[in-house]
Structure formats: structure tokens, C-alpha cells
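What you see is a predicted model; the values in this text were computed from it and never measured. We name chains A, B, ... by the order of the sequence lines, and we start the count at 1 in each one.
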Amino acid sequence: MPELAEVAFHSKAWLPAIGDVIEEVLFNADKRCCKSLVAERIQSDLVGESLEELHTHGKRMLFKFSGQCCLSVHLGMTGSLHCSSLPLSRSKFDHFTFCTKEGGFIFRDPRQFGKVELFVGEEIPEWWRLLPPEVLDLMFNFELFESYCERRKRRPLKAFLLLQECFPGVGNWMADEILWQSRLKPNRLVSALSSEERLQLFNSLKAVCRGAMDTVGVDYSDPPESWLFRHRWKPGGNCPQTGDPLARETIGGRTTCWSPSWQA
DNA sequence: AGCTCTGTTATCTG
DNA sequence: ACAGATAACAGAGC
């Protein structure tokens, strides 16, 4: 599930851990999502420390602990974070958990496309600080957007929007929503856009990220009824604007939903 | 039984 | 070298 706003929401599940001493860490390094974790490092770097800060960037999360380490978490396709009271009841898909006196803080991921990694160092890791601006950041302006368009001319718009190095946090449903709101067909090439269309796309990109953060990101509620979001997976779903049937096709390697009578 | 899924990456191809 | 396309990962739901 997790795109920009889902990630922001999930990260808050570990908020109650802030300030409490970590007494125990449970994980299985055989699992793909934890394969870079080394038991001895986890014990020496995390046990006895406490969670200090929580950051998100696109689909990534970073948890800073006292001492000298950060945990980076990516939720992949099916990852989620949970806070559980003690004693812990563990599901078979709980691959990483740390416990304080108050509770257990869980990373759960059935398909294991997500990832938990430990970074040791004084401060926030260098690679985190070098991530590109988020879409809602002031730094993310039309000039930057146009420079991305210049470098990715040959991509269909759908594949373009999914590039995390350009639009951190945008995933499959958000990309479809952005294209629907900007009235552009997903298979159009970036190079085929007029400057007016590029501006439409830029504005919808900002609007969808903002709208998602204000709904999903706050309490996991759905975006407005007027959005494509509510209609796109319904069998026989219709365009909220024209009432005509929605189309579905694989574009840019992902199933894509759009409204042929609304998007050009 | 077979196909799908809101993600990423290694490995092809041109 | 580089941009874009594809397969693979693992499990559950239809």
C-alpha cells in the first residue's frame, strides 16, 4: 500500500516509543527485508538506547536513536509499522521488533519487498541529506520540474511520474491520480507536452501530494470522492468527471487506470 | 489454477 | 555510457 502519505501515516506508529529505553530487539536476518542487519550490531547499537527523532522522505523513513545510529525503513509493497502493548503477540510476518517497557514497536511485511537497515554514525547519514527535494518542498519548483522533463523526454508520463529520484513518494495510485487531474493520457511521452501541459502536470503533482497528505497522511482516510482514487479499482468503474468507463492497461510496467474521455 | 497487487533492483537491449 | 524495458522477488486474495 504505502506511497507518500501512507508512509507518513505509518511512521507515526512508532512515535510512542520516543524517549523510552530499548530493552530488546527481535529480528530474523534470514528474511530478505532484514538481510543486511547483523545481530551483534543491533544488540550493541540499539539496546539501551532510545528513539529520538522520526523523519520521512518520499517512501522512506528514518528513525534516529540516541548513541550513534539510525534505522532506515522502506515499506515496499506490503510493509506496515505497528505499536503493540505487552506481552507481545507476534504475527509470522513481524520481521523486526524492538521493545521498551511500554510496548513493542513492529515492522510487518508479508511479501518482504520492504527493507530495514541500520546506519551507524554521529548524525543523520550523508545519503539521507542528499536525497532530492520532496514534491511539497519549496525547493521543488517549476524550474526543477522542467529540468526533469528535459532529461526524461522518452518516457511515457506514467513511467516518468514513478521515478523516485525525481518525485519521491509518488507511487502507482498517485501517478494515475496526477495524470487524471491534469487531464493527460498516461502513455503520452514527456517530450510531447506543451509548456502549458507541463505546468498543468506540475500543478496536479503538487495538488495530489498535498491532498493525500491532508487525508491519508493524517488519519488514513480516503481522498475526496471527486478524485479518481475512489473509482479506479471498482470493476466497471466510471470517470467521476464524464461518467464514462475507465480504461486499464499496463504502462511503464504498471497497471494504469485512466479516463479516455477526460484525458488527452 | 492462474492472475493480480499502491515497489525496487539487477539485468537485459538498443 | 546511458535511457528505457523486463523479470524477479513472496505472499494473499479473487
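- Using cut-offs of 30° and 60° for the angle between ring planes, the A:Phe65 and A:Phe98 rings count as perpendicular.
- Look at A:Asp45 and A:Arg41 and you find a salt bridge, because one of the NZ, NE, NH1 or NH2 atoms lies within 4.0 Å of a carboxylate O, short of that distance.
- The separation between A:Glu249 atom CD and B:dC3 atom P is 18 Å, rounded to whole Å.
- Cluster annotation: A:Leu228 is not connected to A:Trp233 through the hydrophobic network of ILVMFWY side chains, with a link wherever side-chain heavy atoms come within less than 4.5 Å.
- Nucleic acid contact class of A:Lys115 (heavy atoms, under 4.0 Å, all strands): none.
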Under 3.5 Å, N/O pairs linking protein and nucleotides 1-7 of chain C:
unit_1: C:dG4; atom_1: OP1; unit_2: A:Arg154; atom_2: N; d: 3.2
unit_1: C:dG4; atom_1: OP1; unit_2: A:Arg155; atom_2: N; d: 3.4
unit_1: C:dG4; atom_1: OP2; unit_2: A:Arg155; atom_2: NE; d: 3.2

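- Looking only at distances, a side-chain donor or acceptor of A:Lys206 sits under 3.5 Å from a matching main-chain atom of A:Val135.
- Aromatic ring centres of A:Trp128 and A:Phe119: separated by at least 6.0 Å.
- Counting non-hydrogen atoms under 4.0 angstrom, A:Pro110 reaches the backbone sugars and phosphates but no base.
- Taking atom CH2 on A:Trp233 and atom P on C:dG13, their separation rounds to 18 Å, with Å as the unit.
- Hydrophobic clustering of Ile, Leu, Val, Met, Phe, Trp and Tyr side chains at less than 4.5 Å, counting indirect connections, keeps A:Trp258 apart from A:Val170.
- Between A:Gln112 and C:dC9, a side-chain N or O to OP1/OP2 separation shorter than 4.0 Å is absent.
- Residues of residues 166-188 of chain A having a heavy atom closer than 4.0 Å to DNA chain B, listed by number: A:Gly171, A:Asn172, A:Trp173.
- Put simply, CZ on A:Arg248 is 17 Å from P on B:dC3, counting in whole angstrom units.
- Rounded to an integer number of Å, the gap from A:Leu75 CG to B:dG7 C1' is 11 Å.
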What N/O pairs connect the protein and nucleotides 12-14 of chain B at under 3.5 Å? Give each pair on its own line.
none

Practice task
Give DNA chain C the dot-bracket treatment, 5' to 3': Watson-Crick (N1-N3 with N6-O4 or O6-N4) or G-U (N1-O2, O6-N3) under 3.5 Å, [ ] crossing, | other strand.
Solution key: .||||||||.||||
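- When each of C:dA12, B:dG7, B:dC5 is scored by its nearest atom to the side-chain atoms of A:Arg254, the top-ranked nucleotide is B:dG7.
- A cation-pi contact, defined as under 6.0 Å to the ring centre and within 45° of the axis, links A:Arg183 to A:Trp262.
- The aromatic rings of A:Phe63 and A:Trp14 sit tilted relative to each other, their planes meeting at an angle between 30° and 60°.
- For A:Leu131 and B:dT8, the CG to C1' distance is 15 Å, given to the nearest whole Å.
- Contact between the side-chain N/O atoms of A:Thr78 and the OP1/OP2 oxygens of B:dC5 is not found at any separation under 4.0 Å.
- For A:Phe113, taking side-chain heavy atoms from C-beta onward, the closest of the listed nucleotides C:dA12, B:dG7, B:dT4 is B:dG7.
- Side-chain atoms of A:Pro125 and A:Leu62, non-hydrogen and from C-beta on, do get closer than 4.5 Å to each other.
- Between A:Phe167 and A:Phe160, the ring centre distance stays below 6.0 Å.
- Rounded to an integer number of Å, the gap from A:Lys35 NZ to B:dT8 P is 15 Å.
- Here A:Val21 sits alone; no ILVMFWY side chain lies under 4.5 Å from its own, so it joins no hydrophobic cluster.
- Within the structure, a side-chain polar atom (N or O) of A:His74 is placed less than 4.0 Å from OP1 or OP2 of B:dT8.
- In this structure, the side chains of A:Leu157 and A:Ile251 stay at 4.5 Å or more apart for every pair of heavy atoms.
- Residue-level contact check: A:Gln164 touches the backbone only, with heavy atoms under 4.0 Å from sugar-phosphate atoms and none from bases.
- The residues A:Lys59 and A:Glu3 are annotated as not salt-bridged, no charged nitrogen and carboxylate oxygen being separated by less than 4.0 angstrom.
- In this structure, A:Leu162 atom CG and B:dT9 atom P are separated by 14 Å, rounded to whole Å.
- Among residues at least two apart or in separate chains, there is no ring pair (Phe, Tyr, Trp, His ring centres under 6.0 Å) pair with a member in residues 67-94 of chain A.
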